[in-house]
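Shown next, in structure tokens, is the structure this report addresses.
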There are 2 protein chains.
Amino acid sequence: MTKDVRKLKTERDIQRAMLQLLTTKNFRQMTVADICQASLTSRSTFYAHYLDKYDLLDQLVAKYQLIFTQKVHLRFEQMIAGEIDALVKGLLADMADNREAIRILFTVHEPAADLEAGFHDQLLAEWQRFIQEKSPTMTAPAELIAAMGTNVQMTVIEWALTHGDTSIDVVADAVNTIRGAVLRQIN
Amino acid sequence: MTKDVRKLKTERDIQRAMLQLLTTKNFRQMTVADICQASLTSRSTFYAHYLDKYDLLDQLVAKYQLIFTQKVHLRFEQMIAGEIDALVKGLLADMADNREAIRILFTVHEPAADLEAGFHDQLLAEWQRFIQEKSPTMTAPAELIAAMGTNVQMTVIEWALTHGDTSIDVVADAVNTIRGAVLRQIN
DNA sequence: AAGAAACTGTTGGTTTTCGAACAGTTAACG
DNA sequence: CGTTAACTGTTCGAAAACCAACAGTTTCTT
């Protein structure tokens with residue numbers, strides 16, 4: 001039923017290798033042979049696990065998209081109601097182990113596999129749902145406010161991914177002000 | 001002729017796992033099952049590579065001892081003649097990839113596998129050879145001065161292993177003074 | 001445009017790893 | 001003391017990974 005340990009290990013090695021390679025060269029110019037060389041796996045084994053490098057990227061993106069999906073839904077309420085410190089620190093804590101991987105994948109923008117876009121869409125859906133519940137009829141266009149809130153959050157997330165969780169305090173005040181302005185459009 | 005990649009990978013995984021476990025528990029209370037669990041290898045595979053955990057430790061120690069042996073002989077002359085900055089920075093550069101592993105192994109003191117003792121003996125032999133060449137007849141006992149020089153170097157090496165190469169400048173003056181005093185006994 | 005070089009995706013035979021089981025030893029515990 | 005429990009070291013069939021070779025495609029060079 002459960003997967004063979006060897007499969008888990010090779011998939012781990014291959015995924016790590018791809019992430020590591022993405023820091024050097026971009027996805028397009030990366031070959032399957034490169035990935036195999038970096039992960040110490042044979043090409044035949046690679047193709048036993050993935051259709052091609054696009055499939056590998058898909059699965060990587062899907063993996064972190066899933067983690068994000070699970071976390072975001074739980075934290076969304078407090079993300080917009082609470083202080084910005086709690087928001088970012090909570091998210092970073094959830095993703096501590098994966099921060100570097102997510103940061104790398106955010107640089108890849110393939111039509112069928114775009115983690116940054118995926119995060120964005122996910123947040124946007126949450127905002128639309130939130131606005132619909134809180135105030136179905138509001139003066140400002142709901143779509144605009146949802147997009148605004150989403151983009152503010154994405155900005156903070158990306159900032160935190162690259163700068164780490166220690167330097168949040170520097171920007172907390174500024175972001176809190178903006179967040180408050182967005183929320184006032186809804187209430 | 002050359003080893004199968006799978007063998008290299010499992011040995012790498014097992015060795016990494018043991019080093020990682022050594023940061024948690026000490027060597028005596030560590031079991032083969034622990035190592036296998038941490039490295040995601042089966043016990044039967046472990047025993048296909050090593051006789052037991054002592055054999056594994058032996059090979060780990062021997063590996064880093066060999067690296068040290070190769071580097072020390074090349075750098076010994078400049079280690080005692082040059083400035084202490086050059087000494088430590090040179091050594092650390094040589095061992096940059098292995099610093100963490102060596103630091104961990106320095107905490108293990110098994111009768112048959114003691115990296116710290118091995119480094120010490122290696123340096124002592126270099127000092128004895130050096131004194132014999134430079135001044136075969138000297139007033140102070142050669143053994144004492146060799147031991148002194150060795151211990152000074154070991155102190156610096158261990159300090160650098162734990163504190164990193166950035167903070168060498170802090171102690172450079174102090175160590176240079178001591179090193180000068182030791183060398184004056186020979187010349 | 002033609003040939004070379006590199007990359008893709010697949011196959012089959014060989015080697016390695018896995019997992020479960022086993023008896024024998026050591027450590028823990030009431 | 002005796003009885004569990006845990007650890008050691010070994011065996012063997014099944015599963016997975018390896019490598020080399022292959023034809024077909026794309027990319028580079030001249």
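Chain letters run A, B, ... following the sequence lines, proteins first and then strands; every chain starts at 1. Values below: all heavy atoms of this structure, side chains included; hydrogens, waters and symmetry mates excluded.
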Handout entry: W127(B) side chain reached by I186(B) side chain, heavy atoms, under 4.5 Å
Key = yes
Problem - Closest-nucleotide ordering on DNA chain C, the 5'-leading residue of M30(A) and T10(B) - result: M30(A)
Handout entry: Rounded distance (Å) that lies between atom P of dT16(C) and atom CG of D13(B)
Key = 17 Å
Problem - Phosphate contact (dA17(D) OP1 or OP2) by H49(A) side-chain N/O below 4.0 Å - result: yes
Exercise for the section: Taking all non-hydrogen atoms of both residues into account, name the closest pair between K9(B) and T41(A) and its distance. Expected result: NZ-CG2, 3.7 Å
Practice task
Taking only the side-chain heavy atoms of V32(B) (C-beta and beyond), determine which of dT8(D), dG9(C), dT17(C) contains the nearest atom.
Solution key: dT8(D)
Problem - OP1 or OP2 of dA17(D) under 4.0 Å from side-chain N/O of K9(B) - result: no
Handout entry: Any K7(B) side-chain nitrogen or oxygen under 4.0 Å from OP1 or OP2 of dA17(D)
Key = no
Exercise for the section: Output the single nucleotide from dC18(C), dA16(D), dT11(C) whose closest atom is nearest the side chain of S44(A). Expected result: dT11(C)
Completion exercise
Per atom distances to the T45(B) side chain, the nearest of dT8(C), dC18(D), dC18(C) is dC18(C)
Exercise for the section: Mind checking L8(B) for me? I need base, sugar-phosphate or nothing, with any heavy atom below 4.0 Å counting as a touch. Expected result: nothing
Exercise for the section: Round to a whole Å and report the spacing from CG of D52(B) to C1' of dG9(D). Expected result: 10 Å
Problem - Value rounded to 0.5 Å, distance of CZ in F106(B) from CG in D114(B) - result: 9.0 Å
Handout entry: T31(A) versus D34(A), side-chain donor and acceptor atoms under 3.5 Å
Key = yes
Handout entry: Gap between atoms NZ and C1', on K53(B) and dT26(C) respectively (whole Å)
Key = 12 Å
Handout entry: Donor-acceptor pair under 3.5 Å, R6(B) side chain vs dA17(D) base
Key = yes
Practice task
Could you tell me whether the phosphate oxygens of dG19(C), OP1 or OP2, come under 4.0 Å of any side-chain nitrogen or oxygen in S42(B)?
Solution key: no
Handout entry: Phosphate OP1/OP2 of dT10(C) contacted by Y47(A) side-chain N/O (<4.0 Å)
Key = no
Problem - Rounded distance (Å) that lies between atom C1' of dT10(D) and atom OH of Y50(B) - result: 19 Å
Handout entry: Distance in angstrom units between I35(B) CD1 and dG9(D) C1', rounded
Key = 14 Å
Fill in the blank from the handout: Atom CD of E11(B) and atom C1' of dT17(C) are separated, to the nearest Å, by 13 Å
Exercise for the section: Measure distances between side-chain N and O atoms of R43(B) and base N and O atoms of dG19(C), and say whether any donor-acceptor pair falls under 3.5 Å. Expected result: no
Exercise for the section: Could you check if a side-chain atom of L19(A) sits within less than 4.5 angstrom of a side-chain atom of Q15(A), using non-hydrogen atoms only? Expected result: no
Fill in the blank from the handout: Taken to the nearest whole Å, CZ/F46(A) to P/dA17(D) is 13 Å
Exercise for the section: Provide, to the nearest angstrom, the distance between the CG atom belonging to D34(A) and the P atom belonging to dA6(C). Expected result: 13 Å
